Amino acid sequence: NPIEAKLRKGKGAVGAYGNERTQQSLQDFPAGVSFKTSQRFAGGIRTGQDLGSWEKHTRGIGQKLLQKMGYVPGKGLGKNAQGILNPIEAKLRKGKGAVGAYGNERTQQSLQDFPVVDSEEEEEKEFQRELGQWRKEAGTAKKKPKYSYKTVEELKAHGKLTNRSMSRPAGELAQVKVIDMTGREQKVYHSYSHMSQKHSVPEEAPLSVSTREQKTSGFSLPELEHNLELLIELTEQDILQSARRLQHEKDTVVTLTHESDALQVRLAEEEQALGRLEQVMNLVDRFEAGDKEGNPALCLQECAKIFQQLQTEFYQEYKTLGLGDLAVSVVHPLLKERLRSWDPLKDCSDGLEEVGQWRAILESSQSLHGGPDTSNMDPYHRLIWEVLVPVMRSCVSQWQPRNVGPMVDCVECWAPVLPLWILDHVLEQLIFPRLQREVDNWNPLTDTVPIHSWVHPWLPLMQTRLEPLYAPIRSKLAHALQRWHPSDSSARLILQPWKDVFTPGAWEAFMVKNIVPKLALCLGELVVNPHQQVLEPFNWVMDWEGMLSVSTMVGLLDKNFFPKWLQVLCSWLSNSPNYEEITKWYLGWKSLLSENLLSHPLVKEKLNEALDIMNRAVASGLGGYMQPGARENIAYLIQTERRKDFQCEPQPERRDMENSGTRPPGTAAVPASVPTNFKDLVQAKAEENGIVFMPLVAKRHMGKQLFTFGRIVIYIERGVVFVQGEKTWVPTSLQSLIDMAK
């Protein structure tokens, strides 16, 4: 039941008008029963297990926070769970007296949680303990001062050298008079440093060797202490400096020992090197021993043995001292004497073995390419340049280029032992000028010796170096062919060796200009007569088939032979011919053509045209009377020729290309031999216009070969012709160049 409210009689305080409790309150809360705060809840008393259980009916997070901080339900709060577990209990006092008037009011739980401690006894004990510290116990002896010692080894290990002159203050401010009035007596110091040296020692602190506890005396001795400390410090510094000097001397001894050992090793090496140098000097002195003692000088074989010994046994000295240069003064005179009476054209191998052995001795791998600079020339190169080249120069000056065999044999024989640059010098500066002068003096009309017989043997050695000779040779041959007739076969014999020497473009241009017109004229003069045929002009032309390209030969036949040949066939078929003779005549002319010509589309077209003419003549009965079996013979001939053409039919790809319009059937093919570069084109144009085109020997501009085009000097770069002007080189077109040269 809810608590009933009772109306108080007056305005007095609570209890002034007696007991105000109702009957219901006495039933609910009887007198004499201890009151607990937790009884206010309907659920009764709550223990520590149910602490915070009401939180589940709310939105609070207190229980979660406690658990995160380590709270365990059923235990007290705190780090060690020292908090009280149950709430404080309230106890009803019997009367209205003060606290403690009715005895101890604490419950058993409160005594456990908050025990009563009497601190008076503890305070008394603490007081007595502190009081005893001020009393001097009887029988206690005077404490002895404590000393600390430091050994020399510890001082060396941890001590440091100090510069006292640097630690002292300097300047006028350091010399300041200081009055110390902090003690019993007034003291005067001459600087702050003296004041800083004032000494005070704690009562129980351990003392150094120079300091003793001053308990008994009623005063301190800072000056004495300072002097003692200063003496100790000076002694320590002397010990450290002595140890430092001792270590330095030991290090010096070790260093000098190593230097002494190194010097001993170097001395031994120097003595060994000196001994080797003495041996080298003995070997070198042998070169002049013969002249000094009146004995004959050493020969080439003995000198070679000495040089080989120097290289094998004293290689380091040989390279360092440059002993290879001794060959200039020792070997050169001997080799000159050896080659004085040598004629290279008579016996080209004489002296080759002696010179060859010196290449293995003197030539180094770093001097394969050099030049005529004697200051830094390899010993072997200098030997060849000063000994062998003069002999070759005098021999070439007396040599006749048309006597080509001995000189070619000589150069081929000596090429393996000659350095590359010396071989190039001999070919370009000695032999080529002689060949060029001889070509200039050569006349193909009067000279009985063909020019290729004394020029072509040099091709394996000189190769492209002979190209400057080709243009004058072609010019002279073209001049000689102006009055030539195809009946003269000597021209073919002269020109045939040059077919593979000239470039394809230059050769084709030369033939088109000088040979093809003559052959065309010869075919034009040919008379096709079936009854009395003269084949010599036709054979003269066909002899040049190997010299001309297939397209050029087909062009000659197409323009100068097949028209008249077909015309004669038509006129013959219109006059009651004998078809058997016509068949033989056709097959006879066809047999005169080579396989290369027969496989050409244009030649096939002309022959098929002849077959078509014969077929139409037989089919139409042209010419009147026809022999029995003529139609069958002509049909068989046509069938046989068609079958041969079908067997020689080109591949499908090629036939498709012809049918697609890339090249119409029956048209002449493009010449297979065309100029391969711009230089060949310029050369071909020069020959067509009768202009001399040849390179200038040893003439270059910016690394490009210079040429003469008539009287004009030009050079070619990237397909452009540059003509020499008054001040600079001017690019020009090929036609303009031809106009200027004419």
Side-chain angles (χ1 to χ4, degrees), residues 342-352 355 369 372 384-385 388-444 446-478 480 493-507 510 547 679-680 683 692-700 705-708:
W342 174 54
D343 187 359
L345 299 180
K346 293 182 180 179
D347 187 6
C348 61
S349 61
D350 187 19
L352 179 63
V355 176
H369 302 279
I384 299 298
W385 179 257
L388 184 63
V389 172
V391 178
M392 295 292 295
R393 186 179 293 110
S394 61
C395 177
V396 172
S397 62
Q398 301 174 3
W399 166 63
Q400 294 296 328
R402 302 195 181 193
N403 186 17
V404 66
M407 183 58 68
V408 170
D409 294 340
C410 178
V411 175
E412 289 179 347
C413 182
W414 284 86
V417 301
L418 295 179
L420 293 179
W421 68 273
I422 292 182
L423 179 61
D424 294 340
H425 174 80
V426 171
L427 295 176
E428 295 176 1
Q429 305 298 329
L430 301 182
I431 294 177
F432 181 79
R434 294 285 297 157
L435 292 175
Q436 192 172 24
R437 286 195 295 269
E438 192 66 22
V439 169
D440 294 339
N441 297 329
W442 171 67
N443 187 355
T446 58
D447 289 341
T448 57
V449 179
I451 189 173
H452 66 270
S453 63
W454 49 272
V455 174
H456 286 186
W458 291 106
L459 284 173
L461 291 172
M462 304 188 70
Q463 297 179 357
T464 58
R465 297 184 182 93
L466 293 176
E467 286 188 359
L469 301 179
Y470 298 158
I473 291 174
R474 286 194 294 267
S475 178
K476 290 178 177 290
L477 290 175
L493 298 177
I494 294 175
L495 294 177
Q496 187 174 6
W498 294 98
K499 183 178 184 297
D500 297 329
V501 176
F502 295 158
T503 60
W507 173 258
F510 178 83
M547 306 286 289
K679 176 186 171 184
D680 295 340
Q683 188 172 357
V692 177
F693 174 70
M694 62 181 295
L696 296 176
V697 180
K699 297 292 184 179
R700 292 181 175 271
Q705 176 68 46
L706 296 181
F707 300 90
T708 57

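Remember, it's a predicted structure, so these values are computed and weren't measured experimentally.
When every heavy atom of Phe693 is checked against every heavy atom of Ala471, the shortest pair comes out as O-CB, 2.6 Å. The minimum heavy-atom distance between Leu435 and Met462, with the atom names listed, is CD1-SD, 4.0 Å. Of all heavy-atom pairs spanning Arg434 and Val396, the tightest one is NE-O, 3.5 Å. Shown here for Met407 and Leu345, the closest heavy-atom pair between the two residues is CE-CD2, 3.5 Å.
The CG atom of Asp680 lies 4.0 Å from the OG1 atom of Thr503; values are rounded to the nearest 0.5 Å. Between the CZ atom in Phe510 and the OG atom in Ser475 there is a gap of 9.0 Å [rounded to 0.5 Å]. Atom CG of residue Leu466 and atom CD1 of residue Ile473 lie 8.5 Å apart, to the nearest 0.5 angstrom. Interatomic distance, CH2 of Trp414 versus CG of Asp409, reported as 14.0 Å (0.5 Å rounding). Note that CD of Glu438 is 11.0 Å distant from CG of Leu469, once rounded to the nearest 0.5 Å. Remark: His425 NE2 to Met392 CE distance equals 10.5 Å, nearest 0.5 Å.
Ring planes of Trp421 and Trp385: tilted class, angle from 30 to 60°.
Side chain of Trp498 to backbone of Tyr470: no donor-acceptor contact under 3.5 angstrom is found. Between the side chain of Asn441 and the backbone N or O of Arg437 there is at least one donor-acceptor pair closer than 3.5 Å.
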Next on the checklist: Quick one, Lys679 with Glu467, criterion side-chain contact (heavy atoms from CB on, under 4.5 Å). Give me CA distance, side-chain angles, the key distance, then yes/no.
Outcome noted: CA-CA 12 Å; Lys679 176 186 171 184; Glu467 286 188 359; 3.3 Å; yes
Next on the checklist: Could you walk me through whether Leu418 and Val411 satisfy the side-chain contact (heavy atoms from CB on, under 4.5 Å) test, starting with their C-alpha distance in whole Å, then the side-chain angles of each, then the deciding distance to 0.1 Å, before giving a yes or no?
Outcome noted: CA-CA 9 Å; Leu418 295 179; Val411 175; over 6 Å; no
Item to check | Working for side-chain contact (heavy atoms from CB on, under 4.5 Å), residues Arg465 and Asp424 | outcome: CA-CA 10 Å; Arg465 297 184 182 93; Asp424 294 340; 2.7 Å; yes
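Using a 4.5 Å cut-off on side-chain heavy atoms (C-beta onward), Arg393 and Val426 make no contact. Inter-residue side-chain proximity for Pro468 and Phe432 is flagged as met; some heavy-atom pair is nearer than 4.5 Å. You'll find the side chain of Leu495 stays beyond 4.5 Å of the side chain of Phe502, heavy atoms only.
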Cut-off 3.5 Å, no hydrogens considered: what does the side-chain donor-acceptor table look like for residues 451-461, sequence neighbours left out?
unit_1 : atom_1 : unit_2 : atom_2 : d
Ser453 : OG     : Pro450 : O      : 2.5

